[in-house]
Amino acid sequence: MKRVAPSRFARIVAVGKKRWKRRLRRKGRVRQPPGEEIRVSAPEVLSFQQAFGPTVAFLDEFRDAVLVRRSRLQRLYIDLKPIKTLSVPVAIVLAAEFHRWKLMRNVGLRVRESHLWAPTVRNLLSDLGVFELLDIKPVTDEIGEDNFTLARLMSGQTTDGEKIAMVQERFRSVLDGFTNNPEMFAGLMEAAENAIAHAYPADYVPRHAFAGHRWWAAGCLDMKRAALRFFVFDQGAGIPHTLPSATFYEHVRARISSAFGDMFPNDSVMLKAALEVGRTRTGEDHRGLGLQRMSEVVTGSPDGYLRILSGRGEIVYHADETIEARDHDRSIGGTLIEWNVSADVFRSQEDHDEDH
């Protein structure tokens, strides 16, 4: 019988003891119960137009749950199963919140129970590019009946002209007659620049921490209205908050004083006054936050409009230069800018050339 060398025998014994001790520990170990699940459930309707209050309440609950300090055993679950109606603007803001979660917590997100979501929700979030933004495989390749994404959701921390140009290129590849519209490009660039230069002031303490000085943008076609829609969103302080530091604020304040005297203006009044001042003062020193350029995007489209949700205010500027203004009881958590322009406006020049 071959004898085992003492040193080798000692190693075998040591390994055996380790295995035996591990087995004992496993036997006597008290298995930890699964961690508590913090569930935030969405309402049936997520729309700033149809259900502003419940929509923003859900977004705030989402933000609070993401950014609050939790134990390692607590898991957060954002339940999208109840949603029956999801608008494109809210889908973009919702995507930005998931993106902030991923960036702030440095975690990989995963989809759960998507087979129980309404098909319209699955289709919109997948088609819009939300899952790619979050480095997740899309849950479907179906396209919704009402919305067709032309420029997938993208995000950046600096004003990136190449990305905006890429968005335009995607539009051109889908819409016949879509040309390199300089007014649209200028407006989109102003919005992105505003998100970086004005939306995140150094002295502002946000309720919910910023994930960098970031903006999100997307473009789509409303197939029922044959309307082109483009969105830029930031999670910053809001235009009404940043207006007092703008170089043209004295003109805005004068416009407000002429209408309201010494009364403290609400956010929609400040937004409307800023837009009106921006449109009437064309000098370089009075460009303000670029609202003039933004409004020029919808010029020439009979049904076109510019919508700005910022702070607690909302204004809608129409192509006929009328302005709707309303106030809400809470903020959406940043600034959302939407251009809505008839798709035919981009074919008008081509049609005119063919007629002549």
Side-chain angles (χ1 to χ4, degrees), residues 29-48 50-142 144 147 149 152-155 206-212 214 216 218 231 233-235 330-334 336:
R29 182 182 298 163
V30 178
R31 193 174 289 274
Q32 292 290 338
E36 175 193 0
E37 180 175 270
I38 300 172
R39 181 183 296 250
V40 178
S41 295
E44 289 189 359
V45 178
L46 281 180
S47 168
F48 293 132
Q50 298 178 41
F52 185 91
T55 296
V56 177
F58 163 70
L59 292 171
D60 277 340
E61 187 180 3
F62 181 170
R63 296 170 184 128
D64 291 340
V66 165
L67 297 176
V68 72
R69 185 182 294 275
R70 300 189 303 274
S71 76
R72 288 187 302 109
L73 294 178
Q74 289 179 314
R75 300 189 309 273
L76 177 60
Y77 175 45
I78 308 300
D79 186 5
L80 304 184
K81 295 193 301 295
I83 305 174
K84 294 181 179 178
T85 299
L86 175 63
S87 71
V88 177
V90 176
I92 291 170
V93 175
L94 183 62
E97 294 307 331
F98 278 110
H99 200 195
R100 169 158 47 186
W101 182 6
K102 176 180 172 63
L103 295 172
M104 296 289 292
R105 291 299 187 185
N106 193 26
V107 295
L109 305 181
R110 64 186 182 87
V111 179
R112 200 170 112 190
E113 300 180 311
S114 62
H115 64 288
L116 299 176
W117 297 356
T120 53
V121 174
R122 282 199 306 269
N123 296 347
L124 176 57
L125 294 180
S126 296
D127 184 48
L128 198 56
V130 173
F131 298 107
E132 285 93 334
L133 179 72
L134 303 174
D135 298 320
I136 300 173
K137 183 180 178 181
V139 298
T140 182
D141 57 3
E142 296 291 325
N147 181 81
T149 299
R152 291 267 177 125
L153 189 63
M154 59 181 67
S155 179
R207 173 181 169 183
H208 302 103
F210 300 142
R214 186 170 290 277
W216 293 260
F231 302 88
F233 174 66
D234 69 70
Q235 296 172 328
R330 59 206 305 172
S331 168
I332 66 168
L336 177 68

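Positions are given from 1, in the same order as the sequence printed here. Only this structure's heavy atoms are used, side chains among them; waters, hydrogens and symmetry mates stay out.
Of all non-hydrogen atoms in D79 and R39, the two that sit nearest each other are OD2-NH1, 3.3 Å. Scanning all heavy atoms of the two residues, the minimum distance from L336 to P89 falls at CD2-CB, 3.7 Å. The minimum heavy-atom distance between F210 and Q235, with the atom names listed, is CE2-O, 3.1 Å. Contact record, V93 with I332: CG1-O, 4.5 Å, taken as the closest heavy-atom pair. Taking all atoms of both residues into account, the shortest heavy-atom contact from A42 to I83 is CB-CG1, 3.5 Å. Of all heavy-atom pairs between R100 and A209, the closest is NH1-O, 2.9 Å.
Partners of D60 according to the salt bridge (Lys or Arg N to Asp or Glu O under 4.0 Å) rule, which considers only residues two or more places apart in sequence or in another chain, are R63, R207, R330. Taking the side-chain hydrogen bond (donor to acceptor under 3.5 Å, both in side chains) definition, one finds that K84 meets it with nothing, sequence neighbours left out.
To the nearest 0.5 Å, the span separating CD1 on I92 from CZ on F231 amounts to 5.0 Å. Distance CG/L46 to OG1/T55: 5.0 Å, rounded to 0.5 Å. A distance of 9.5 Å separates CG of L76 from CG of L109, quoted to the nearest 0.5 Å. Atom CD1 of I78 sits about 8.0 Å away from atom CD of E61, to the nearest 0.5 Å. Expressed to the nearest 0.5 Å, how far OG of S41 lies from CZ of F58 amounts to 8.0 Å. One distance of note links CG of N106 with CG of L103; it measures 8.5 Å at 0.5 Å rounding.
Classification of the W101-F98 ring pair by plane angle, with boundaries at 30° and 60°, yields parallel.
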Point to revise | Chi angles and distances behind the side-chain contact (heavy atoms from CB on, under 4.5 Å) call for F48, V56 | key: CA-CA 8 Å; F48 293 132; V56 177; 4.1 Å; yes

Exercise for review: Please report the C-alpha distance between E97 and H208 in whole Å, then the side-chain angles of each, then the deciding distance to 0.1 Å, and finally whether the side-chain contact (heavy atoms from CB on, under 4.5 Å) criterion is met.
Suggested key: CA-CA 11 Å; E97 294 307 331; H208 302 103; over 6 Å; no

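Side-chain atoms of T85 and Q50, non-hydrogen and from C-beta on, do get closer than 4.5 Å to each other. At least one side-chain heavy atom of W117 sits under 4.5 Å from a side-chain heavy atom of K81. At least one side-chain heavy atom of V88 sits less than 4.5 Å from a side-chain heavy atom of L124. Contact check for S155 versus H99: side-chain heavy atoms found under the 4.5 Å cut-off.
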Only pairs under 3.5 Å count here: list side-chain donor-acceptor contacts from residues 125-137, not counting sequence neighbours, and write none if there are none.
from: S126; atom 1: OG; to: R122; atom 2: O; distance (Å): 2.9
from: D127; atom 1: OD2; to: T149; atom 2: N; distance (Å): 2.9
from: D127; atom 1: OD2; to: T149; atom 2: OG1; distance (Å): 2.9
from: E132; atom 1: OE2; to: R152; atom 2: NH1; distance (Å): 2.7

